[in-house]
Number of protein chains: 2
Amino acid sequence: MADTWQEELRARGYRVTPQRQLVLEAVTELEHGTPEEICAQVQRTARGVNISTVYRTLELLEELGLVKHTHLGHGPPTYHLAAEAEHLHLVCRHCGTARDISPKVADELVETLARDYGFTTDVHHLTVYGRCRDCR
Amino acid sequence: MADTWQEELRARGYRVTPQRQLVLEAVTELEHGTPEEICAQVQRTARGVNISTVYRTLELLEELGLVKHTHLGHGPPTYHLAAEAEHLHLVCRHCGTARDISPKVADELVETLARDYGFTTDVHHLTVYGRCRDCR
DNA sequence: CTCATTGCAAAGAATTTGCAAGTAG
DNA sequence: CTACTTGCAAATTCTTTGCAATGAG
């Protein structure tokens, strides 16, 4: 984890380009935004960057784990910097086992609660009760 | 609530058409599906029903409160019958107050857990911890 | 009969892809 | 130099809209 994302890119055979740096900067500055918005932000610094490059770059940055995206209702997805490692729990009411999963699955819930209810979710402590695959 | 949806439709100046009945039936049968899937289901009974009619009908049925939709990751939205009144809890770790909200906000979470983990969520018992608007 | 609704085709958004030219390493 | 990237335009995917014909009430 001491490596920079640039090194990570090179290690994987990808290249560090100004466009990629700009897109990551844009996501950082915007906190969150649609591909279109991110593209606009990038173009405040460098004109001529194409929207399709933004799409491709966001996909790459997501693959690298640097950004994440969620779908908030209709329209384009929202991209934001990936949070540090967190997890949430899945508890089976039948067999009692708990499983840790990525908080990514609760992204929409978290954003909706924030947007519609002004509620800041404590994702680390989100526990979902139900029935696991084995106890169906 | 004793009124049928057909009566509700007429009361609002809309008409009860075979297409509308078929779309609602399709949503019921499929439990959930994309407009495309719903259209395919409808066409098992009546060919010639157009996809744009399905879109228009789903919009109408949603307005009537008969169906709901959620966006699961990429791609088209998923429609399903509106659930009966249930609720989930929002608990503030600071002031301790609990608030009941619509389980609709957890739709994506529920579907994702089912799809990716084979986990059946007990939505009625879902409690989300965090900080409410007033305690920010 | 009247006007809401439908089918169809064309228009629109959002996103992806093919490819030649550009450039990081 | 090599081959990953980019810009651009065309192709896709998903959804909406215009409009004449159809059909519910």
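Protein chains get the first letters and strands the later ones, always in sequence-line order, with residue 1 at the start of each. Since the model is a prediction, treat every value here as computed from it, not as a measurement.
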Discussion item. I need the residues from residues 47-67 of chain B with at least one non-hydrogen atom less than 4.0 Å from DNA chain C; give them sorted by number, or say none.
Written reply: B:Gly48, B:Val49, B:Asn50, B:Ser52, B:Thr53, B:Arg56
Worksheet item: Judged by atom type as modelled, is there a donor-acceptor pair below 3.5 Å linking the side chain of A:Gln19 to the main-chain atoms of A:Thr57?
Response: no
Worksheet entry | Distance in angstrom units between B:Glu8 CD and D:dG25 C1', rounded | 17 Å
Discussion item. Do the side chains of A:Glu111 and A:Lys68 get close enough for a salt bridge, i.e. N-O under 4.0 angstrom?
Written reply: no
Practice prompt. List for me each residue that meets side chain to side chain contact (heavy atoms under 4.5 Å, CB included) alongside A:Ala46, sequence neighbours excluded, and say none if there are none.
Written response: A:Leu22, A:Val49
Fill in: Euclidean distance, atom CZ of residue A:Arg10 to atom C1' of D:dA3 [Å, nearest integer]
16 Å
Worksheet, complete the sentence: Between its two end axes (five pairs each) the helix from C:dC1-D:dG25 to C:dG25-D:dC1 turns, nearest 10 degrees, through 40°
Worksheet item: What residues, two or more places apart in sequence or in another chain, satisfy salt bridge (charged side-chain N to carboxylate O under 4.0 Å, His left out) together with B:Glu63?
Response: B:Arg12
Item to complete: List for me each residue that meets side chain to side chain contact (heavy atoms under 4.5 Å, CB included) alongside A:Glu36, sequence neighbours excluded, and say none if there are none.
Response: A:Thr34, A:Ile51
Worksheet item: Hey, is the main chain of A:Thr4 close enough, under 3.5 Å, to the side chain of A:Glu7 for a donor-acceptor pair?
Response: yes
Item to complete: Kindly say whether A:Tyr117 contributes a backbone atom to a donor-acceptor pair with the side chain of B:Arg133 at under 3.5 angstrom?
Response: yes
Practice prompt. Pull out every residue in residues 15-30 of chain A that has a heavy atom closer than 4.0 Å to any atom of DNA chain C, ordered by number, or say none.
Written response: A:Arg15, A:Val16
Discussion item. Between A:Thr53 and A:Val23, does the side chain to side chain contact (heavy atoms under 4.5 Å, CB included) criterion hold? Intermediate values first, please.
Written reply: CA-CA 9 Å; A:Thr53 298; A:Val23 168; 5.9 Å; no
Worksheet item: Between A:Arg20 (side chain) and A:Arg15 (backbone), is there a donor-acceptor pair under 3.5 Å?
Response: yes
Worksheet item: Rounded to the nearest 0.5 Å, what separation is found between the OH atom of B:Tyr79 and the CG atom of B:Leu58?
Response: 5.0 Å
Discussion item. Nearest heavy atom decides the nucleotide; on that basis, is B:Gly75 or A:Leu9 closer to the 5' end of DNA chain D?
Written reply: A:Leu9
